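Worksheet for the structure shown next.
Chain letters run A, B, ... following the sequence lines, proteins first and then strands; every chain starts at 1. As the structure is a computational prediction, the values presented were derived from the model and not from experiment.
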There are 2 protein chains.
Amino acid sequence: MSLPHAILTALLEKPSSGLELTRRFDKSIGYFWSATHQQIYRELGKLEADGLIRTLPAEQPARGQRKSYEVLPAGRAELARWTAASQEPKPLRDALLLRLRAAAVVGTAGLGDDLRRHLELHERQLAEYQEIEKRDFPPGKDGPQDRLQHLVLRAGIDLETFWTGWLRHALEEFAELPGADPA
Amino acid sequence: MSLPHAILTALLEKPSSGLELTRRFDKSIGYFWSATHQQIYRELGKLEADGLIRTLPAEQPARGQRKSYEVLPAGRAELARWTAASQEPKPLRDALLLRLRAAAVVGTAGLGDDLRRHLELHERQLAEYQEIEKRDFPPGKDGPQDRLQHLVLRAGIDLETFWTGWLRHALEEFAELPGADPA
DNA sequence: CCCGGTTGTGCAACTAGTTGCATAAACGCC
DNA sequence: GGCGTTTATGCAACTAGTTGCACAACCGGG
């Protein structure tokens, strides 16, 4: 049950319409909690029905007409409650690791290409994060809010660093394997 | 669509009944693709209906009676196909990072405790992985199968290492924050 | 002015995963 | 030899997330 809270956070950072939210998810919050526009619209409807957000006045809500939302006090309270509440970490689920395990049984044919592709994707993501770090968190910028947001970004950077390193290592191993597909 | 393939992999490693599979998931494959017993039973039914696995003969399939499955050639072929097929990495979704981002807006009250709890969980998981590494992958054991399985385990170890490191760093930052809850 | 592309909102149906419970055999024990 | 516990299998209902599509308004060009 994290999507509503992701939306509340985004709306507190800045009131937005459904499409604006979708865009902001794509290049910020979505890095660690992705959502499609359909999910977002549906959730906005529920949050409004529950009295946690409301449409900004001064705009009529016709179809094809942008509708902006802001968080109500009840919404902020709910977000604070959820943030402080203890939660179990949900177990890892990664198809690539599973495929490697399967490859130990049925062979590695064809897997190398996709490993290389994933490596490239992770390298690109890492570069993007580092770009953001340079842009949004220059040396002096270290107020409480900045530190927390930077911490989250650091997690992204470290994760991508792990993946690129691990994938490179995996490809080396592949190269030494007898039946593996060649580069 | 990875659960059926996780089950096929497990069954190829060793034919098993539903409950045995559940147990093995809990302490091996489940580390990177978790599943409950209900998911497993349902999926076994589908896989059998699709002709990818079959019950081992010589045991009648009464209720409350163990029923063992083995993989048919079609199942092995399907697993090989899936392993080699290119797949998009599914985007990261991590509630803890989201909560930190929310905390930047609504405050960090109460969050520190849960961070410490997560740190402990990850430390325990890391220790378990290292135990497995020492037990199952001693220096000489490096056939192709061993190397691949070791590679997967390394990913687990490195991931937990990342998390413990990051969480410790996060707790340090928390300690320096003005309004943060004290240890 | 009307027509095709773009922007913005949304419904409906589907898939995957979770939770809670039902059922039956087998095991041991007093 | 009946009785509670453990082992084993499974159904049904629910929740979260995905996919495909519909539809209205608006914008610019011929």
Check your understanding: For the side chain of A/Arg42 and the base of D/dT18, is some donor closer than 3.5 Å to an acceptor across the two?
Key -> yes
Check your understanding: Any ion pair linking A/Arg116 and A/Asp113 (charged N to carboxylate O, less than 4.0 Å)?
Key -> yes
Revision key, fill the gap. A/Ile7 CD1 to D/dA16 P, in whole Å, measures 13 Å
Point to revise | Atom pair distance, as rounded to whole Å: NZ in A/Lys67 and C1' in C/dG8 | key: 11 Å
Exercise for review: State plainly whether the residues A/Arg81 and A/Glu78 are in salt-bridge range, i.e. N to O under 4.0 Å.
Suggested key: yes
Revision key, fill the gap. Whole-Å distance, B/Glu43 CD to C/dT15 C1', equals 11 Å
Point to revise | Electrostatic pair A/Asp114-A/Arg99, nearest N-O below 4.0 angstrom | key: yes
**Study point:** Atom-to-atom span, CE of A/Met1 to P of D/dT15 - whole angstrom
**Key:** 10 Å
Exercise for review: Using atom types as modelled and distance alone, determine if a side-chain donor or acceptor of A/His118 lies under 3.5 Å from a backbone N or O of B/Gln87.
Suggested key: yes
Exercise for review: Please state whether the phosphate of C/dG17, meaning OP1 or OP2, lies under 4.0 angstrom from any side-chain nitrogen or oxygen of A/Lys90.
Suggested key: no
Review point. Between A/Glu48 and A/Arg54, does at least one N-O distance fall below 4.0 Å, as a salt bridge requires?
Key: no
**Study point:** Nearest-angstrom distance from the residue atom NZ of A/Lys46 to P of C/dC11
**Key:** 12 Å
Check your understanding: Atom CG of B/Leu47 to atom P of D/dG10: distance rounded to whole Å?
Key -> 13 Å
Exercise for review: Please state how far atom OH in A/Tyr41 lies from atom P in D/dA22, giving the value in whole angstrom units.
Suggested key: 18 Å
Exercise for review: Residues of residues 17-39 of chain A with any non-hydrogen atom less than 4.0 angstrom from an atom of DNA chain C: list those, numerically ordered, please.
Suggested key: A/Ser17, A/Gly18, A/Leu19, A/Arg23, A/His37, A/Gln38
Check your understanding: At under 4.0 Å, does any side-chain N or O of A/Arg93 touch on OP1 or OP2 of C/dT18?
Key -> yes
Review point. In terms of side-chain geometry, is the basic nitrogen of B/Arg154 or B/Asp158 positioned less than 4.0 Å from the acidic oxygen of its partner?
Key: yes
Review point. Do A/Tyr31 and A/Ile132 come close enough that some side-chain heavy atom pair is under 4.5 Å?
Key: yes
Point to revise | Separation of D/dG17 C1' from A/Ile40 CD1 (nearest whole Å) | key: 12 Å
